[in-house]
Amino acid sequence: MSGLLEGKNIVVMGVANERSIAWGITKSLHQAGANLIFTNRQERSYKKLVKLLEKHEIEPKLIVSCDVASDESINEAFAKIKDEIGVIHGLIHSVAFANREELQGEYADTSRDGFLLAQEISAYSLVAVTKAAKEIMTEGGSIVTQTYLGAERVIPNYNVMGVAKASLEASVRYLAEDVGKYGIRVNAISAGPIRTLSAKGVSGFNEKTHLLEEKAPLRRGVDQDQVGDATLFFVSDLSRGITGEVLHVDSGFHIIG
Ligand code: NDP
């Protein structure tokens with residue numbers, strides 16, 4: 001697959017550490033020859049990212065700070081990318097957040113603020129970054145986000161995040177229609193449970209992975225590298241006929257009743 005993304009400028013949002021899904025994606029995109037631009041929020045994530053890039057001998061084109069809770073921060077980040085890189089061809093959105101206390105118990109107990117926060121960071125952020133990115137995707141492009149089965153089905157404890165992911169998946173379809181006329185595609189990967197920093201915030205995470213390993217057709221778990229390669233497919237021209245799609249990378253778990 002080397003060379004598949006040669007000369008393509010791809011923005012990756014959401015590397016917090018080595019376990020991040022966005023880091024698995026980074027490795028796949030790098031192997032395919034992409035020029036990589038990173039955005040990060042917390043200083044801690046920035047430091048981890050710099051170390052990881054050094055360790056894996058990946059030369060980033062640019063690292064910019066971007067908090068998706070702020071329009072100003074998004075605008076500044078994409079203005080900087082435009083100034084220093086020019087045109088981009090891809091955007092990886094691998095960002096979500098909900099209060100830990102709302103990822104357990106009953107969905108009916110979700111607070112108004114907690115609901116809005118999960119929607120803002122996990123779903124609206126895709127709308128906001130698509131708006132900014134399309135201005136510099138002047139040669140067409142591909143936007144890929146990360147979702148989860150909790151959008152489609154009731155998964156214990158996933159609660160407010162499941163509803164935010166449903167909103168994210170609907171946004172993928174509406175955005176795909178909006179930007180399709182500019183040659184830009186928007187798709188989502190729905191990964192099975194993967195042990196990451198964010199996943200730790202969801203109660204009963206271990207049971208979810210055990211259930212998948214037991215019931216899924218492939219009888220094995222999912223890892224960041226599998227999601228990375230599926231995301232590479234969506235970023236590359238191999239998927240040029242596909243937009244508005246949600247692709248499950250979950251060992252087939254979603255087909256089992
Ligand atoms: P990580 O914790 O590794 O990544 C989450 C990322 O979201 C972090 O880099 C974090 O940045 C970023 N983020 C949170 N809030 C903001 C914000 N306001 N502005 C900018 N960035 C922000 O977890 P994952 O890799 O698991 O999560 C990535 C995506 O994959 C999420 O959308 C998640 O829902 C999804 N997903 C995860 C699954 C899993 O089992 N792990 C399964 C299916 C989907 P920072 O650390 O700097 O705050």
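Order of appearance sets the numbers: ligands from 1, and atoms from 1 within every ligand. All values reported here derive from a predicted model rather than from experimental measurement.
Of the possible polar contacts, none joining the Ser45 side chain to the Arg41 backbone as a donor-acceptor pair under 3.5 Å is found. Under a 3.5 Å cut-off, the side chain of Arg185 and the backbone N or O of Phe234 do form a donor-acceptor pair. Between the Thr196 side chain and the Ala199 main chain, a donor and an acceptor come within less than 3.5 Å of each other. At least one donor-acceptor pair under 3.5 Å links the side chain of His210 to the backbone N or O of Asn206.
Selection from Ala199, Gly192, Ser190, Ser45 by nearest heavy atom to atom 42 (C) of ligand 1 gives Gly192. In this comparison of Ala96, Ala98, Ser20, the heavy atom closest to atom 31 (C) of ligand 1 sits on Ala96.
Shortest contact from atom 37 (C) of ligand 1 to any protein heavy atom: Ile21 CD1, 3.5 Å. Protein heavy atom at the shortest distance from atom 20 (C) of ligand 1 is Cys66 O, 3.4 Å.
Of the N or O atoms in Thr147, none lie within a sub-3.5 Å distance of an N or O in ligand 1. For ligand 1, the polar-atom distance check finds no N/O of Ile121 at less than 3.5 Å from any of the ligand's N/O atoms. Ligand 1 has an N or O atom lying under 3.5 Å from an N or O atom of Gly14, backbone or side chain. Polar contact check, Arg41 against ligand 1: a nitrogen or oxygen pair lies under 3.5 Å apart.
The side chain to side chain donor-acceptor pair (under 3.5 Å) test applied to Asn35 returns Asn9, not counting sequence neighbours.
The presence of a protein heavy atom under 4.0 Å from atom 10 (C) of ligand 1 is ruled out.
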